[in-house]
Asks: 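Structure below; questions to follow.
Counting starts at 1 for both ligands and their atoms, in listed order. Note that the coordinates shown come from a computational prediction; the quantities given were computed from them, not determined experimentally. The figures that follow rest on heavy atoms only: side chains count, while hydrogens, waters and symmetry mates do not. Position 1 is the first residue of the sequence, and the numbers go up from there.
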Amino acid sequence: MRVNGTPWRTIWPVDGVRAVDIIDQTALPHAFSVRRLHSVEDAAQAIRSMQVRGAPLIGVTAAHGLALALASRADDDTLLAAARLLAATRPTAVNLHWALARMQSRLLPLPPATRIDAAWAEAATIADEDVDQCRRIGIHGLQLLLAGRRGEGRLEIMTHCNAGWLATVDHGTALAPVYAAFDAGIDIHVWVSETRPRNQGLLTAWELRQHGVPHTVVADNAAGLLLARGGIDAVLVGADRIAANGDVANKIGTCLKALAARAAGVPFIVAAPRSTIDFACANGAAIPIEERAGDELRLLHGCDSAGVAGELRQLPATAAVANPAFDITPASLVDHIVSERGCCTADRLQSLHPEAADG
Ligand code: MRU
């Protein structure tokens, strides 16, 4: 996707050096900055601090982190220790574990001397596949949106968190159909919820603005009213992990939108690649929910009137807070799941991915 007219990915290897560059998402939407990762520790810190975030991008970053880990030694111990470090960064997005497992099964059978080149090649393949999968999600998701729209007027979509290109390598998951619609000349508008406390909705607004897609930011609490008023064609969100029964873990607040959508008769659609589906996880109760630092609630981040970034305290340091980062939307509230393979109802995931269900 483009930033000020120039195409970017969220992560890319640096030419001629064993290093990876990322867009630092903690600086957005106020500043656009690139950070260089030189080591597996850098990669782990970037994931933990959410400089990179979003389930698919976390997986791709972890794959590159393993490649970085092998720079000085490529033996089994180094590889396994790096995988353990990266696996401990964030618990909910299963793409992290999927990418680490794929890298290890590719690298462990190889003699150590050949592992470094193989690791960089596999990480690049995972990144390229993510781009292609998201592009396909865009095509399938757009067909679904057009089939279910209320009329011939403007297509009105509500989303939550950021499941755009910033959360993947390119295109996004939930926003891929939005970009596909906009690029096809379809009149489309997106309702973007802030997504307290990390405000990933502001990332969504930033990337929609960069692409020229009409959108409106609303407080999370406005979603119920907007849905009840009847002007929205679909709620479209991403996922961090989808259990075998179709239960969906996604950013905290997603389940409230699904409930409001069901009450208003608005389709609730989840878009995610195969790497987000965890067939080993029977249902949502088995998905680990990340509990993040309380200061994400106690402090507000932004810019002052001179544009200088800073923080404001809204609660004392000792205030008791809870900060669960994800919730579970039961499969019964999910009308459609869209992957790179096509669309299905939440109880028919195996129909899209029969080979994985068998294994
Ligand atoms: O905590 P984050 O910002 O990593 O959470 C991201 C989300 O919950 C997204 O909605 C999800 O990963 C889908 S991203 C394509």
Asks: Please state which part of Asn162 comes within less than 4.0 Å of ligand 1, counting heavy atoms only: side chain, backbone, both or neither.
Replies: backbone

Asks: What atoms of ligand 1 come closer than 4.0 angstrom to any heavy atom of Ala55?
Replies: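 Numbered from 1, ligand 1 contributes 12 (O), 14 (S).
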
Asks: Where is the nearest protein heavy atom to atom 3 (O) of ligand 1: which residue, which atom, and how far?
Replies: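 Nearest neighbour among protein heavy atoms for atom 3 (O) of ligand 1, to 0.1 Å: Arg53 NE, 2.5 Å.
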
Asks: With a 4.0 Å cut-off on heavy atoms, is Leu57 in contact with ligand 1?
Replies: no

Asks: With a 6.0 Å cut-off on ring centres, are Tyr179 and His171 close enough?
Replies: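 Between Tyr179 and His171, the centre distance exceeds or equals 6.0 Å.
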
Asks: Establish, from distance only, whether the side-chain atoms of Gln51 and Arg35 form a donor-acceptor pair under 3.5 Å.
Replies: yes

Asks: Which atoms of ligand 1 are found less than 4.0 Å from any heavy atom of Arg90?
Replies: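 This gives 1 (O), 2 (P), 4 (O) as the contact atoms.
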
Asks: Where is the nearest protein heavy atom to atom 15 (C) of ligand 1: which residue, which atom, and how far?
Replies: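 In this structure, atom 15 (C) of ligand 1 has Thr173 OG1, 3.0 Å as its nearest protein heavy atom.
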
Asks: Looking at side-chain heavy atoms only, is the closest gap between His189 and Leu155 below 4.5 Å?
Replies: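 The answer is no; the side chains never approach within 4.5 Å.
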
Asks: May I ask you to identify the nearest protein heavy atom to atom 10 (O) of ligand 1, giving residue, atom name and distance to one decimal place in Å?
Replies: Asn250 OD1, 2.8 Å

Asks: Please report the C-alpha distance between Glu355 and Arg341 in whole Å, then the side-chain angles of each, then the deciding distance to 0.1 Å, and finally whether the salt bridge (Lys or Arg N to Asp or Glu O under 4.0 Å) criterion is met.
Replies: CA-CA 12 Å; Glu355 72 297 340; Arg341 297 268 182 93; 3.0 Å; yes

Asks: Which atoms from ligand 1 have a heavy atom of Gln200 less than 4.0 Å away?
Replies: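 Atoms satisfying the 4.0 Å criterion: 1 (O), 2 (P), 3 (O).
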
Asks: Over 60° means perpendicular and under 30° means parallel, so tell me whether His64 and Trp120 are parallel, tilted or perpendicular.
Replies: perpendicular

Asks: Please report which non-hydrogen protein atom sits nearest to atom 5 (O) of ligand 1, along with the residue it belongs to and the distance in Å to one decimal place.
Replies: Lys251 CE, 3.3 Å

Asks: Going by the atom numbers of ligand 1, which of them fall below 4.0 Å from some non-hydrogen atom of Met50?
Replies: 1 (O), 2 (P), 3 (O)

Asks: Nearest non-hydrogen atom to atom 13 (C) of ligand 1 belongs to which of Gly54, Ala239, Ala167, Ala176?
Replies: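 Among Gly54, Ala239, Ala167, Ala176, the closest heavy atom to atom 13 (C) of ligand 1 comes from Ala239.
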
Asks: Would you please determine whether Ala325 falls within less than 4.0 Å of ligand 1 on a heavy-atom basis?
Replies: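 False for this residue.
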
Asks: Taking distance alone, with N or O pairs closer than 3.5 Å, would you say His160 contacts ligand 1?
Replies: no

Asks: Working note: Arg102 + Glu129, criterion salt bridge (Lys or Arg N to Asp or Glu O under 4.0 Å); need CA distance, chi angles, decisive distance, verdict.
Replies: CA-CA 13 Å; Arg102 175 163 160 176; Glu129 285 178 7; 2.8 Å; yes

Asks: Without hydrogens or angle criteria, can the side chains of Thr276 and Asn95 be said to hold a donor-acceptor pair below 3.5 Å?
Replies: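 Yes, because at least one side-chain N or O of Thr276 sits under 3.5 Å from a partner of the opposite role on Asn95.
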
Asks: Considering only the protein, which heavy-atom contact is closest to atom 8 (O) of ligand 1, and what is its distance?
Replies: Asp240 OD1, 2.7 Å

Asks: Nearest heavy-atom pair of Val235 and Ala261: which atoms, and what distance?
Replies: CG2-CB, 4.0 Å

Asks: Would Arg36 and Asp21 pass as an ion pair if we require N to O under 4.0 Å?
Replies: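 A salt bridge is present here (some side-chain N lies under 4.0 Å from a carboxylate O).
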
